[in-house]
Amino acid sequence: MFDEIFDVIVIGAGHAGCEAASASARLGAETALVTINLDLIGQMSCNPAIGGIAKGHVVREIDALGGVMGRVIDRTGIQFRLLNRSRGPAVRSPRAQADRGLYRTEMRRVLESTSGLHLRQGEVVSLIVANREVIGVNMRDSRRFGAKAVVIATGTFLNGTIHTGDKTFSAGRAGEPASIDLAEDLKRLGFPVGRLKTGTPPRLDGRTIDWDAFEPQPADDEPVPFSFSTDSIEQPQIKCHIGYTTKAVHDAIRANLGRSPLYSGKIKGIGPRYCPSIEDKVVKFAEKDRHQLFLEPEGHHTNEVYLNGFSTSLPSEVQQDLLRMIAGFEQVRIIRPGYAIEYDFVDPRELIPTMATSRLRGLYLAGQINGTTGYEEAGCQGLLAGINAANSVSGRPEFVLRRDEAYIGVLADDLIRHGVDEPYRLFTSRAEARLLLRHDNADRRLSPKGREIGLVGDTDWERFNAKRDRIARLRDAMESTRFKRSSSEYQAVTSLLGVDLGDAFTLSGLVLRPGVTKGLIRRLLPSEISAEASDPEIDSAFADSLYSGYVEKQAAAIRRVDGHDSLRVPEGLDFGNIGGLSNEMIERLERARPGDFGQVRRIPGLTPVALSTVLVHLTGLAANASSKN
């Protein structure tokens, strides 16, 4: 009946598929990774970068659990930067520009060296189902592969349609065929399918750019790796550059809006709010005279430059004309025009927290098929799906993560409870427990779970335990090291900070004072503790002390939000009058018109901060009404 039989089949070799296949195989399941083109494993279809706000946290969590994304970007990144350095530790996030070709090559090398993982090229056209259970897949070339579990991680390929100006054609991404038959098969099987849209900017020939016209953006002097197993970044780092659009460019875009499929009505899918096209930016932010652009080289050995911030589906000749209106681009040439792509997604409310579908046994979905955006969001879903697909085959327990354990848990819960009405993107504001879910402590939160699952090997486990012990000693020293007013250290610190510190202070208490740095803490630590602790470890212990007083307050706020579902929302309430709500949150509330706070909590996309703000307002209204009665 079958040409080959595997334990698990993963369809698609993007970032979700790579994590799913790697995890499944390393957990002992004979796994096939099936993709239309094996030369494009781990392809970065859009921005050649990993990480960013909240996304960097997710990559750290993937690595802590034993995933591969962090290791691959550490070996192929060409510009590392820690974002939000000036803000609190909880919202700092690592990001790295990648060498696109090298990332793809390295990911394939990692997968090909994984025991039990088999690469197969071809297009899956349908699932083989018996008694509401998936038992295999049909290929376009007539092969049939059997499996006990299947993970679909098709990205934008499901019924994908590309738009550039008035040109529209079927494709999964530029130059590759769409997966039309599989999309239709999912509909035939009863899955509720919607339509989303995303886009990409033009790629430029770096030899035709006047680089002196743009502001250089160098890499960090001390790159922060993604993987906890990486000691240092060895490869050479590059500069990116920053530029801006102009009012003249905006006027020209407005004049050509009728040629944009986004505004001509050709595109029906909903696009990402947080990564709008340049047409959207000009229309929705009409008061702005310029928008920021990032010129990001795609590798050490290519002239191709990614123009971040200029996503567009305008005709290619219009794209060329617009760019040449920007200083530094007077002679620029486009290598690949930008385009928009529409694609099918499955309502993620079909899923359970393991990424398995409730409609068919043995079927798992991961990545953009669930309505998400981003390589990182896709990768963590793939990891969950791969772990659980392998566990289902072997009879091991299901693996899920709670919201208070990981950003991965936040994402999964958001998708399954609320679904999506636009492409989903993670932000730190989505996590109620974000003060605990820091990028620096992802290993302390999740590596024990990765070890229990079976993805964290002996070497990494020993490394983790040694680090955990050092941080424990460091925290103990910060709690116990105490300086009295009579000491020279006390006098030096009070002189430095310009404040009186009472009769004595501990290092854990000193952390809470403005102006205190990790360098000061290191100098005051006992010498043996200071000598063994790395800078990242001191950063982590510093953050533990900094946030210790807020954690219980945050937990109390969560409990408060969870206990007021019956609180009534007055009819006709103007949510725009609630101070502290963003325009996006107001828009979602006005559209839903909830009748009580329980309905407010079920509105897709409302952040924990917004929920708390609405609750405070409703509680005040209820108290006022009660006092009048």
> Does the side chain of Arg444 come under 3.5 Å of the side chain of Ser540 through a donor N or O and an acceptor N or O?
Replying inline: yes

> Is it the case that more than 12 heavy atoms not belonging to Lys148 sit under 6.0 Å from its NZ atom?
Replying inline: no

> Side chains of Thr76 and Arg71: is there a donor and an acceptor less than 3.5 Å apart?
Replying inline: no

>> Tell me the closest heavy-atom pair linking Ala49 and Gln97, and the distance in Å.
In response: CB-OE1, 3.9 Å

>> With a sphere of 6.0 Å drawn around CD of Glu398, does it hold more than 12 non-hydrogen atoms of other residues, nucleotides or ligands?
In response: no

>> Between Asp74 and Thr230, do the side chains contain a donor N or O and an acceptor N or O under 3.5 Å apart?
In response: yes

> Are any of the side-chain nitrogens in Asp166 or Lys266 under 4.0 Å away from the carboxylate oxygens of its partner?
Replying inline: no

> Does a salt bridge link Glu377 with Lys55, judged by any charged N lying under 4.0 Å from a carboxylate O?
Replying inline: yes

> Is any side-chain N of the basic residue among Arg273 and Asp421 closer than 4.0 Å to the acidic one's carboxylate O?
Replying inline: no

> Given Leu262 and Ser277, is the side chain to side chain contact (heavy atoms under 4.5 Å, CB included) satisfied, shown in steps?
Replying inline: CA-CA 9 Å; Leu262 188 63; Ser277 67; 3.5 Å; yes

>> As a quick check of understanding, evaluate salt bridge (Lys or Arg N to Asp or Glu O under 4.0 Å) for Glu296 and Arg95, giving each step before the final call.
In response: CA-CA 13 Å; Glu296 301 173 336; Arg95 182 188 187 273; 3.3 Å; yes

>> With salt bridge (Lys or Arg N to Asp or Glu O under 4.0 Å) as the criterion, how do Arg445 and Asp404 come out once you've worked through the C-alpha distance, each side chain's angles and the decisive distance to 0.1 Å?
In response: CA-CA 10 Å; Arg445 291 186 279 114; Asp404 62 340; over 6 Å; no

>> Can you tell whether the side chains of Asp205 and Arg333 come within less than 4.0 Å, N to carboxylate O?
In response: no

> Under the side chain to side chain contact (heavy atoms under 4.5 Å, CB included) criterion, do Leu127 and Ile152 qualify, and how do the steps go?
Replying inline: CA-CA 10 Å; Leu127 302 175; Ile152 302 180; 4.3 Å; yes

>> Whether Glu61 and Arg438 form a salt bridge (side-chain N of Lys/Arg under 4.0 Å from carboxylate O of Asp/Glu) is what I want to check.
In response: no

> Going by atom types alone, do Thr357 and Arg359 pair a side-chain donor with an acceptor below 3.5 Å?
Replying inline: no

>> If we count only N and O atoms by modelled type, under 3.5 Å, do the side chains of His118 and Thr31 hold a donor and an acceptor together?
In response: no

> Do Thr354 and Asn388 have a side chain donor and acceptor closer than 3.5 Å?
Replying inline: no

>> Please determine whether a side-chain nitrogen of the Lys or Arg among Arg120 and Glu4 lies less than 4.0 Å from a carboxylate oxygen of the Asp or Glu.
In response: yes

> What distance separates Leu437 CG from Arg430 CZ, expressed to the nearest 0.5 Å?
Replying inline: 14.5 Å

>> Could you walk me through whether Arg203 and Glu298 satisfy the salt bridge (Lys or Arg N to Asp or Glu O under 4.0 Å) test, starting with their C-alpha distance in whole Å, then the side-chain angles of each, then the deciding distance to 0.1 Å, before giving a yes or no?
In response: CA-CA 9 Å; Arg203 272 68 159 186; Glu298 299 214 344; 3.4 Å; yes

> With a 4.0 Å cut-off, would you call Glu432 and Arg403 a salt bridge?
Replying inline: yes

>> Assess, by modelled atom type and distance only, whether the side chains of Thr372 and Gln381 contain a donor and an acceptor separated by less than 3.5 Å.
In response: yes

> Are Lys187 and Asp344 within salt-bridge range, i.e. N to O under 4.0 Å?
Replying inline: yes

>> Would you say NZ of Lys167 has more than 12 non-hydrogen atoms from neighbouring residues, nucleotides or ligands within 6.0 angstrom?
In response: no

> Between Tyr339 and His163, does the ring centre distance come in under 6.0 Å?
Replying inline: no

>> Could you go through Ile128 and Val137, starting from their C-alpha distance and side-chain angles, then the distance that decides it, and tell me whether this counts as side chain to side chain contact (heavy atoms under 4.5 Å, CB included)?
In response: CA-CA 5 Å; Ile128 303 173; Val137 300; 5.6 Å; no

>> Closer than 4.0 angstrom, basic N to acidic O: yes or no for Arg60 and Asp63?
In response: no

> Would you call Lys449-Glu452 a salt bridge at under 4.0 Å N-O?
Replying inline: no

> Can Asp3 and Arg143 be counted as an ion pair, charged N to O under 4.0 angstrom?
Replying inline: no

> Is any side-chain N of the basic residue among Arg108 and Asp39 closer than 4.0 Å to the acidic one's carboxylate O?
Replying inline: yes

>> With side-chain contact (heavy atoms from CB on, under 4.5 Å) as the test, pick out the partner of Met355 among Val151, Asn370, Leu383.
In response: Asn370

> Name the one of Asp458, Asn465, Asp460 that satisfies side chain to side chain donor-acceptor pair (under 3.5 Å) with Arg451?
Replying inline: Asp458

> Mind checking what makes ring-ring contact (aromatic ring centres under 6.0 Å, His included) contact with Phe80, not counting sequence neighbours?
Replying inline: none

> Do Arg109 and Glu112 sit within salt-bridge range, that is, some charged N less than 4.0 Å from a carboxylate O?
Replying inline: no

> Charged N to carboxylate O under 4.0 angstrom, Lys268 versus Glu342?
Replying inline: no

>> Tell me whether the count of non-hydrogen atoms from other residues, nucleotides or ligands lying under 6.0 Å of CD in Gln121 goes above 12.
In response: yes

> When you check the gap from the basic side-chain N to the acidic O, do Arg336 and Glu304 get nearer than 4.0 Å?
Replying inline: yes

